[in-house]
Amino acid sequence: MKSILANSPELLLLLFLIVTFLQSGLDKLFDWKGNLSWLKTHFANSPFKNMVPLLTLLITVFEALSALLCIVGFFEIIVQKQVSFALYGSISSCMTLLMLLLGQRLAKDYEGAKTIVVYFIPSIVLVILLQLS
């Protein structure tokens with residue numbers, strides 16, 4: 001219990017990233033055609049217009065990897081009081097968000113890009129907290 005309370009900011013931020021990336025990744029898997037259709041329209045006037053299926057797959061893999069690393073890191077903190085996987089998960093999450101940000105900027109969806117920053121801030125805070133652990 002002491003480990004959970006002592007690491008509650010890190011654990012809560014990990015749960016935030018797990019929910020974010022697990023839901024997003026599963027949504028893409030269960031509604032691949034719908035997501036792909038929307039993304040093709042979204043990126044129709046961007047340099048990524050001919051690479052949408054490949055880039056969607058890449059983002060889905062990174063989202064799943066980020067969620068998995070954060071899940072393992074969550075339990076690693078509680079059980080072993082170590083932060084290695086949590087740090088890998090938080091860094092992977094930041095990288096995934098930067099890829100999404102690049103896509104939004106190239107699609108000239110500046111409002112969408114702003115939304116990604118809202119997710120990036122807690123992710124980078126988690127990286128800092130875990131590096132200080």
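This chain uses plain numbering: 1 for the first residue, then up along the sequence. Note that the structure is a prediction, hence the values are computed from the model and not measured.
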In chain order, what residues pass the side-chain contact (heavy atoms from CB on, under 4.5 Å) check against [X], with sequence neighbours excluded?
X: Lys114; value: Glu111
X: Leu87; value: Ser90, Ile91, Val127, Leu130, Gln131
X: Leu36; value: Trp32, Lys40, Val52, Pro53, Thr56
X: Leu101; value: Leu98, Arg105, Ala113, Ile116

**Item:** Any residue meeting side-chain hydrogen bond (donor to acceptor under 3.5 Å, both in side chains) with Asn50, in chain and number order, not counting sequence neighbours
**Value:**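 Residues passing side-chain hydrogen bond (donor to acceptor under 3.5 Å, both in side chains) with Asn50: none at all.
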
Membership question, hydrophobic clusters at under 4.5 Å side-chain separation (ILVMFWY): are [Y] and [X] in the same one?
X: Phe120; Y: Met99; answer: yes
X: Leu13; Y: Ile124; answer: yes
X: Leu126; Y: Val19; answer: no
X: Ile59; Y: Phe30; answer: yes
X: Ile18; Y: Ile4; answer: yes

What are the two closest heavy atoms between [X] and [Y], and how far apart are they?
X: Ser123; Y: Leu17; result: OG-CD2, 3.2 Å
X: Leu69; Y: Gly89; result: CB-CA, 3.5 Å
X: Gly112; Y: Gln104; result: CA-NE2, 3.6 Å
X: Gly25; Y: Thr60; result: O-CG2, 4.1 Å
X: Phe43; Y: Gly103; result: CE2-O, 3.1 Å
X: Ala107; Y: Ser46; result: CA-CB, 4.1 Å

**Item:** Residue pairs, two or more places apart or on separate chains, that pass ring pair (Phe, Tyr, Trp, His ring centres under 6.0 Å) and touch residues 67-118
**Value:**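 Only Phe85-Tyr88 qualify under ring pair (Phe, Tyr, Trp, His ring centres under 6.0 Å).
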
**Request:** Hey, could you give me each pair passing ring pair (Phe, Tyr, Trp, His ring centres under 6.0 Å) that has a residue in residues 46-67? Not counting sequence neighbours.
**Result:**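 The answer is none; no pair qualifies.
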
Value rounded to 0.5 Å, distance of [atom1] in [X] from [atom2] in [Y]:
X: Leu129; Y: Leu11; atom1: CG; atom2: CG; answer: 11.0 Å
X: Thr115; Y: Leu97; atom1: OG1; atom2: CG; answer: 11.5 Å
X: Leu26; Y: Asp31; atom1: CG; atom2: CG; answer: 12.0 Å
X: Ile71; Y: Leu22; atom1: CD1; atom2: CG; answer: 5.5 Å

**Co-members of Ile128 in a cluster of I, L, V, M, F, W and Y side chains, linked at under 4.5 Å** =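 In the cluster with Ile128 are Leu132.
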
**Message:** Can you list everything that forms a ring pair (Phe, Tyr, Trp, His ring centres under 6.0 Å) with Trp38? Sequence neighbours excluded, please.
**Reply:**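 Trp38: ring pair (Phe, Tyr, Trp, His ring centres under 6.0 Å) contacts with His42.
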
**Asked** Partners of Tyr119 by ring pair (Phe, Tyr, Trp, His ring centres under 6.0 Å), sequence neighbours excluded?
**Response**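 Expected list: Phe16.
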
**Asked** Within a strict 4.5 Å, meaning less than it, do heavy atoms of the Leu14 and Ile77 side chains meet?
**Response**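 Yes - at least one pair of side-chain heavy atoms lies under 4.5 Å apart.
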
**Message:** Would you say that more than 12 heavy atoms from the other residues, nucleotides or ligands in this model lie under 6.0 Å from the CE of Met95, or not?
**Reply:**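 Check fails, neighbour count at 12 or below.
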
**Message:** Does Asp27 have more than 12 heavy atoms from other residues, nucleotides or ligands lying within 6.0 Å of its CG?
**Reply:**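 Correct, the count exceeds 12.
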
**Asked** If you look only at pairs with a residue in residues 41-52, which of them pass as a salt bridge (charged side-chain N to carboxylate O under 4.0 Å, His left out), with sequence neighbours excluded?
**Response**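 Sorted result for residues 41-52: empty, none.
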
**Message:** Taking side-chain hydrogen bond (donor to acceptor under 3.5 Å, both in side chains) as the cut-off, I'd like each qualifying pair that reaches into residues 61-81, sequence neighbours left out, listed once.
**Reply:**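 Residue pairs passing side-chain hydrogen bond (donor to acceptor under 3.5 Å, both in side chains), neighbours aside: Ser24-Glu63, Lys28-Glu63, Ser66-Ser92, Ser66-Thr96.
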
